[in-house]
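Read the structure below first, then the notes.
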Amino acid sequence: MVDATAREPAGVERLTALTAGMPIVYGGDKIARAPADLAARFREGDRLLVVQETGDLLLIPREVQAIAEGAVGRAAAAFRAMGRVSDEQITAFFDAFARRLESDEAWAAIRTANAADVESAKARGRSTTRLAVSDAMRADMIAGLRAWRDAEAGRERVIEELRHPGWTVAQVTAPLGVVGFVFEGRPNVFADAAGVIRTGNTVVFRIGSDALGTARAIVEQALDPALEEAGLPEGSASLVDSAEHAAGWAMFSDKRLALAVARGSGAAVAQLGAIARQAGMPVSLHGTGGAWLVAGPGADAQRFAAAVYHSLDRKVCNTLNVCCIVRERAAELVPLFLDALEDAGARRKGFKLHVVAGDEGWLPQDWLQRRGTVVRAEGPREESLIELLPAAELAREWEWEESPEVSLKIVADLDEAIALFNRYSPQFTASLIDESGAEQDRFWSAVNAPFVGDGFTRWVDGQYALNKPELGLSNWEHGRLFARGAVLSGDGVFAVRTRVRQADPHLDRNPATSGRP
C-alpha cells in the first residue's frame, strides 16, 4: 500500500504497508516479490531497502533506523566541529583511551561484560574464538592506540606544490568525513576504528551482536571518558547501540557517510558493500578470508613445512586455507605437509584435512581411515579427519574454532596453481615456496592478489607488517582498489584539497590583457 497524501515530491508516494507477493522492481529490469513473512512484519514508518545488485528485500524497523540515524548524526555533528580541534587534543585522546584500558578497574568491568557475551554466544552455538578478550588482546589494543598517539598528525600535509610565475598551487590533505564501520564480534577492533580520528575524521560503528555488551562496556569505561578528557566533540566515535542486522543496513545506506568499511566474511559483507555503493559512497570490504600456499618445483622442503605450521596458529582471515603442491614434489612434500598439519593440531586441538577428489592417492592409506576429535563451535565432535571435496570447494573458507582445517590440492605445475587461485580463491593472500627468483617473479605477476609472499601467510596484518593498526584488509573479489593498497589504516582516510596563494594581483588567463591599463 502506498500513501499519496504524504508530503513527498510530485509523483512520489510513501510506502505504508507491504502485501505478500507485492512486486518490487530492482536492477532496472527485474522484479522481486515481497515474501509473506516480510510483509507481515512491515509496519508504517519502517523502511524497505532494495539491494539493486541482488534483489534482496531488507526490512529496517523504524526504531532501528532511528538508532542508526542518531549515531550517524552525532558523528556528523562532531565532524563539523573537528576543524576547531587541535592535533594535540587528538593526541591526548589516544593517550587517554590507552590509559583507561590499562586501568585494572576499567578492564575488570570490560572483562565482566565480555564473559557474559561469551557465555551467551556459547549457549547459542556461536563461535567465540575471536570474541573472548585476553591479556594479549588488551595489550594489542593499548599498543595500537599508542601508535596512533605517537603518529605524525595527518591533517594539512602538503602532498605536492607547484610554483607558477606569480602564484603557487598546493595539494593538501584534509579530513574525509564520517567513516561507517561494521565489524564482527572482535572487541579489539575498537582501537583500529578509532584510528580515523588521527586525521580529523569521525567514526560510527556497529559491532556484531555477540560482542555488543563488551562494546558498551568499552564505550562506557574507556572511549567516552577519553573523548571527554581530551575535549573532542561528543560523538566523534559513536556506537550504533543495536543488536539488529538492520542497524548495519540503515547505517550503510546513510548518505552522510564518507566511507563505508565492513570487516567479516561471506555474503553479509558483500551485501553491506552493495548497500553502500548504491547509496553512492566508497567502500572498503573484506568479504572472504583464507590464504593459499603453493609449493613450487624449487621449494625448500623445510621452509615449506615451517610455512604450513606457522600459518595455522589460529583462525583469522590470513590463516592457511588451501595448500597446493606441484606433482613432481608431492611424494616428498605431502608427508611433510601432513606432519606440519598434525603438529599444528597438537598445538591447538586436533585438525581436519580436505583433499580434492582424485588426489587422495598421495596420502598414506592409514590416513584415509583416521578419525579423531574436532572442536567445533558447538563443542568437540568425533569425526573423520580426512574428507574428499570437489575442486570447486577450494573456494570455501574453513571457519574453524580450535582444530586447524585446511584443503589440499596436488597440481600439475605452477601454472595450474595460479589458475586455481585466480578462479576459486577470494583473491586475498597467496604465498609461493620456491627458491627460484624467476618463479617468484612469475607468480607475483600472474596471481591476482593484493598480498603476495614467499613464506608463512600470517604476516598479512596492518599492525604486524606496517606498524599501523588497520581499519580493514580488502581482497580483490570485486576488482582492484583505486589508487591505494589493500591495507586501510586510519592515516589513509583523507581527502585532498587544493589551495592557491596568488602573489601577482594582475594574473589573467589571457596574456594579452593580463596587465591593467
Side-chain angles (χ1 to χ4, degrees), residues 75-94 147-181 194-203 230-233 236 255-261 276-277 279-285 444-445 450 462 465-472 474 476 478-517:
F79 178 70
R80 291 192 292 271
M82 283 295 282
R84 300 188 295 272
V85 172
S86 68
D87 288 332
E88 289 74 21
Q89 286 176 277
I90 292 175
T91 297
F93 159 69
F94 288 111
W148 289 126
R149 177 197 66 184
D150 299 336
E152 182 180 355
R155 296 185 293 181
E156 301 297 319
R157 177 169 53 89
V158 177
I159 299 174
E160 182 182 19
E161 189 173 65
L162 298 175
R163 296 185 179 276
H164 302 280
W167 61 299
T168 302
V169 181
Q171 300 278 73
V172 184
T173 61
L176 182 66
V178 181
V179 179
F181 200 169
V196 300
I197 295 175
R198 177 76 271 181
T199 43
N201 303 292
T202 59
V203 61
L232 267 61
S236 296
K255 295 180 183 296
R256 291 174 293 180
L257 296 187
L259 173 68
V261 183
R277 281 192 295 268
M281 69 192 69
V283 299
S284 175
L285 305 175
W444 164 261
S445 298
L466 303 179
N467 294 326
K468 293 180 180 181
E470 69 192 35
L471 275 175
S474 296
W476 286 357
H478 301 289
R480 301 193 181 199
L481 307 170
F482 178 68
R484 71 170 181 83
V487 178
L488 180 65
S489 192
D491 60 0
V493 179
F494 60 86
V496 177
R497 302 174 74 191
T498 303
R499 186 172 189 177
V500 163
R501 296 184 185 274
Q502 183 176 334
D504 180 358
H506 299 298
L507 287 177
D508 192 286
R509 294 295 295 271
N510 186 344
T513 59
S514 60
R516 292 183 65 183

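All residue numbers refer to positions in the sequence shown, counting from 1. Side chains included, hydrogens not; waters and symmetry mates left out as well; all remaining heavy atoms used.
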**OP:** Assess Arg157 against Phe494: is NZ or CZ under 6.0 Å from the centre of the six-membered ring, and within 45 degrees of the ring's axis?
**Re:** yes
Quick check: do [X] and [Y] have side-chain heavy atoms less than 4.5 Å from each other?
| X | Y | value |
| --- | --- | --- |
| Leu285 | Arg277 | yes |
| Phe181 | Ser284 | no |
| Val178 | Arg256 | no |
| Leu488 | Leu259 | yes |
| Ile90 | Met82 | yes |
| Pro175 | Thr199 | no |
| Gln502 | Thr168 | no |

Original post:
Do other residues, nucleotides or ligands put more than 12 heavy atoms under 6.0 Å from Arg501 CZ?
Top reply: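 Atom CZ in Arg501 is not crowded, with 12 or fewer foreign heavy atoms closer than 6.0 Å.
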Original post:
What residue among Val85, Val179, Val493, Leu232 forms side-chain contact (heavy atoms from CB on, under 4.5 Å) with Ile197?
Top reply: Leu232
Can you tell me if [X] uses its side chain to pair, donor with acceptor, with the backbone of [Y] under 3.5 Å?
| X | Y | answer |
| --- | --- | --- |
| Arg80 | Ala75 | no |
| Ser86 | Gln89 | yes |
| Asn201 | Gly177 | yes |

Subject >> Separation of Thr498 OG1 from Leu162 CG (nearest 0.5 Å) >> reply: 10.0 Å
Subject >> Separation of Arg198 CZ from Arg149 CZ (nearest 0.5 Å) >> reply: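 Reported to 0.5 Å precision, the distance equals 10.5 Å.
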For [X] against [Y], the heavy-atom pair lying closest together:
| X | Y | value |
| --- | --- | --- |
| Trp148 | Gly195 | NE1-CA, 3.4 Å |
| Pro450 | Ala486 | CB-CB, 3.5 Å |
| Arg484 | Ser474 | NH2-OG, 3.8 Å |

Original post:
In chain order, what residues pass the ring-ring contact (aromatic ring centres under 6.0 Å, His included) check against Trp444, with sequence neighbours excluded?
Top reply: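 Trp444 satisfies ring-ring contact (aromatic ring centres under 6.0 Å, His included) with no other residue.
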Subject >> Distance-only side-chain donor-acceptor flag, Thr173 / Arg497, under 3.5 Å >> reply: no
